[in-house]
Amino acid sequence: MKLIQTIRKILSKPQASRSYEYVRVVSEAPPAGTRSALGPPPAVGTELRAPVAERAEEIAFSHQADLESYVRGLDVPKEAIERWISAGVLLPEETRVASQMIRIICKNR
């Protein structure tokens, strides 16, 4: 038994001491008399609304008879279509049509 304990002591890895450092992040309040980046708080009783984003043109990602002429008439940038594909919001067939649209846009530019 003594032999086993001695071997365990020899072969055991030394335990590294773990020390943690705690960091506290404190944001400073803006000086009195200055306006924050968010603006003043809304008045009591007013309705909060999200900012209105530009409305993107609606695109039909279904099969088109003449896809090339359809793409020429679009005012949507290639990057927007790429974002929709990468976000995974399109069905598999719509993804195929969207990738064809991107190829046509690149070819025409």
Side-chain angles (χ1 to χ4, degrees):
M1 190 66 162
K2 187 88 167 164
L3 179 65
I4 294 174
Q5 291 175 348
T6 308
I7 292 174
R8 284 185 184 161
K9 284 182 184 179
I10 293 172
L11 297 178
S12 68
K13 296 181 182 177
Q15 297 292 329
S17 64
R18 295 184 183 181
S19 62
Y20 296 101
E21 180 180 342
Y22 293 96
V23 179
R24 184 176 180 185
V25 178
V26 179
S27 62
E28 295 182 19
T34 60
R35 214 175 123 169
S36 70
L38 299 175
V44 176
T46 59
E47 182 179 340
L48 297 176
R49 293 181 183 220
V52 179
E54 294 179 16
R55 181 176 169 90
E57 182 177 338
E58 292 184 15
I59 299 177
F61 287 110
S62 60
H63 182 70
Q64 302 290 324
D66 188 10
L67 187 62
E68 193 162 338
S69 64
Y70 177 73
V71 170
R72 284 188 192 131
L74 289 177
D75 291 333
V76 176
K78 174 184 83 160
E79 291 79 18
I81 298 173
E82 289 172 344
R83 282 190 302 250
W84 291 329
I85 292 173
S86 64
V89 296
L90 302 176
L91 297 173
E93 179 62 33
E94 293 173 334
T95 304
R96 282 190 284 278
V97 172
S99 62
Q100 290 174 350
M101 292 171 127
I102 292 173
R103 282 190 216 114
I104 292 170
I105 291 171
C106 291
K107 183 178 79 173
N108 290 338
R109 288 185 183 173

_Between CD1 on residue Ile85 and CG on residue Leu90, distance to nearest 0.5 Å_ = 6.5 Å
*Does Ile4 have any side chain to side chain contact (heavy atoms under 4.5 Å, CB included) partners at least two apart in sequence or in another chain, and if so, which?*
Arg8
*Using side-chain hydrogen bond (donor to acceptor under 3.5 Å, both in side chains) as the criterion, list what pairs up with Asp66, not counting sequence neighbours.*
Ser69
*Do the side chains of Met101 and Leu74 get nearer than 4.5 Å, heavy atoms only?*
yes
*So which heavy atom on Val71 is nearest to which on Ile105, and how close?*
CG1-CG1, 3.4 Å
*asked:* For a 4.5 angstrom cut-off between non-hydrogen side-chain atoms, does Thr95 reach Leu91?
replied: no
*Write out all pairs satisfying side-chain hydrogen bond (donor to acceptor under 3.5 Å, both in side chains) with one or both partners inside residues 96-107, taking only residues at least two apart or from two chains.*
Glu93-Arg96
*Which residues satisfy the side-chain hydrogen bond (donor to acceptor under 3.5 Å, both in side chains) test with Glu68, sequence neighbours excluded?*
Arg72
*Roughly how far, to the nearest 0.5 Å, is the CD1 atom of Ile10 from the CD atom of Gln5?*
12.0 Å
